[in-house]
Amino acid sequence: MTLNVDLRQVIHALADALDLVGVDDVAHGKRVGVMAAECGRAEGLGADEIAFLFELGMLHDIGVSSTRVHGHLVESFDWSGAQTHCQVGYERVRGFAPLAAMALPILYHHTRWDALQAIPLPARSKRQANLIYLVDRVDALAAPHYGDKALLLFTDEIRARIAEHAGTYFAPELVEIFLEASRAEAFWLMLEPRSLEALRPDTVGRSELFAAKAGELRQLGEIFARIVDAKSPFTAEHSVGVAGLARYLGERLGLDADTCDQLEIAALLHDLGKLRVPDEVLDKPGRLDARERKIINAHSFETYRILRGIRGFEEIALWAACHHEEPDGSGYPFHLVADATPLPARILRVADIFQAMVQERPYRQGMDDGAVARFMAELVAAGRCEARLVDALLADLPEARHRACPGAAVVHQAA
């Protein structure tokens, strides 16, 4: 792939996507990152370590996909189910070299200090994990006060609550560092929405370029695809399957290798915006009402909003956002007609439809070959899909099914 992309900028943008899981509170990770960085400054750490703490804070909840889990984490000081998302997050990052140093701190960022001391870990990882735990709990205590602009009235209470847990939940030295850093009103005012919106990552993160290596963008895309797909039992492996099928169709239709690479990444990330859809809407077994449908329909623009700020991702952002556009302009979010929708986006849409139809879901069987061929042909007849795209899909239906659902058993021959 010849994309000239700063991998760190991609990581920062996708970290913003993690914060969508909060639905109504969409900056938890960024606030934790800001506080961790400020504590690092108060400790006198170097610029690289401060930048690492900021990025670790932004990504510490990379194991969370569910709005219900997010709610427990920010509403309870010590939730018994917290360790599950730590383990999931650890598994997601430990095999990805640019983020591997975060794996152990993520795994232990809900482990009390009195227990953490007995675990054979590098001292640096223990301190990083416990600092993230500390400022994560600060954010949970402060969360009720962000909306009413009264946070400064409660900062002494929050600081006292953290101090109570020195030596048990938190390392005494880290508590002292936090208490010193949080004496200033600026520490708390930086957590307000206006301050976070104006925050430039290069003021707390590393400012030098970090060029993406071959395969790293795809690997990072797959990590976030699995975060999205884990949000609902109905969508497990969906994004990965769509990506495999979209690339296959792009190759069959003669797209060059670089375009196919970008199409695959767009497909992996196409449903990022669903992280902001409440679990109860995404998992609703019955028909959605008008309000719920509008919430769902907003997800493709949320995807666009996340990706468009990444330099070099301009086409990827548009293709990912257009996977629900209809040829007659009745789709969403831009109401583009077929001629105004790029070919890779149209390919992605067909792959998205097909994968959803053939995948086994908890509430239904996937379509067999005959049924899905008839369904796709009906979409062509109704003017809702382009004939040549569907012809490429159906030319080798077993292979298309394998790309869309690589882990499924070989079944569903045409009736």
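Quick note: residue numbers are just sequence positions, from 1. It should be emphasised that the depicted structure is a prediction, and the values quoted were computed from it without experimental measurement.
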Backbone N/O of [Y] and side chain of [X]: donor-acceptor pair under 3.5 Å:
| X | Y | result |
| --- | --- | --- |
| D229 | H238 | yes |
| K30 | F54 | no |
| R218 | E264 | no |
| E237 | C405 | no |
| T303 | A321 | no |
| T111 | L116 | no |
| Q9 | I310 | no |
| T341 | V337 | yes |
| D352 | I347 | no |
| E314 | G312 | yes |

For the student: nearest non-hydrogen atoms of [X] and [Y], plus distance:
| X | Y | answer |
| --- | --- | --- |
| A225 | S239 | CB-CB, 3.7 Å |
| G89 | I106 | C-CG2, 3.8 Å |
| L393 | M376 | CD2-CE, 3.9 Å |
| P98 | E216 | CG-OE2, 3.6 Å |
| G250 | C260 | C-SG, 3.8 Å |
| V93 | A103 | CG2-CA, 3.6 Å |

Any side-chain heavy atom of [X] within less than 4.5 Å of one from [Y]?
| X | Y | answer |
| --- | --- | --- |
| D258 | D261 | yes |
| F334 | C322 | yes |
| L249 | L263 | no |
| F313 | Q262 | no |
| C385 | R349 | yes |
| L18 | D61 | no |
| E378 | R384 | no |
| E164 | R161 | yes |

Side chains of [X] and [Y]: is there a donor and an acceptor less than 3.5 Å apart?
| X | Y | value |
| --- | --- | --- |
| Q83 | Q87 | no |
| Q128 | E49 | yes |
| S182 | R159 | yes |
| H299 | H270 | no |
| H28 | H60 | yes |
| H335 | E326 | no |

Is the shortest side-chain N to carboxylate O distance from [X] to [Y] below 4.0 Å?
| X | Y | answer |
| --- | --- | --- |
| E222 | R226 | yes |
| R401 | D369 | yes |
| R127 | E43 | yes |
| D114 | R112 | yes |
| K284 | E292 | yes |
| D271 | K274 | yes |

Does R124 qualify as a cation-pi partner of F52, given the criterion of NZ or CZ under 6.0 Å from the six-membered ring centre and within 45 degrees of its axis?
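Satisfied, under 6.0 Å and within 45°.
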
Gap separating the [atom1] atom of [X] from the [atom2] atom of [Y], nearest 0.5 angstrom:
| X | Y | atom1 | atom2 | value |
| --- | --- | --- | --- | --- |
| L107 | L121 | CG | CG | 8.0 Å |
| I11 | D6 | CD1 | CG | 8.5 Å |
| I162 | L141 | CD1 | CG | 5.5 Å |
| Y133 | H109 | OH | NE2 | 9.0 Å |
| E315 | L307 | CD | CG | 13.0 Å |
| L220 | L268 | CG | CG | 10.0 Å |

Between V88 and I62, is the side chain to side chain contact (heavy atoms under 4.5 Å, CB included) condition met? List the steps.
CA-CA 8 Å; V88 171; I62 200 168; over 6 Å; no

Could you give me the CA-CA distance, side-chain angles and deciding distance for E325 and Y332, then say whether side chain to side chain contact (heavy atoms under 4.5 Å, CB included) is met?
CA-CA 5 Å; E325 297 290 353; Y332 60 87; 5.5 Å; no

Evaluate side chain to side chain contact (heavy atoms under 4.5 Å, CB included) for I177 paired with L131, printing each intermediate quantity in order.
CA-CA 10 Å; I177 291 168; L131 176 60; 5.9 Å; no

In terms of relative ring orientation, are F301 and Y304 parallel, tilted or perpendicular, with 30° and 60° separating the classes?
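Answer is tilted, since the angle falls between 30° and 60°.
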
Residues two or more places apart in sequence or in another chain: which of them pass salt bridge (Lys or Arg N to Asp or Glu O under 4.0 Å) with E399?
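E399 satisfies salt bridge (Lys or Arg N to Asp or Glu O under 4.0 Å) with R403 only.
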
Could you please spell out the steps behind the side chain to side chain contact (heavy atoms under 4.5 Å, CB included) verdict for V242 and H323?
CA-CA 11 Å; V242 171; H323 68 279; over 6 Å; no

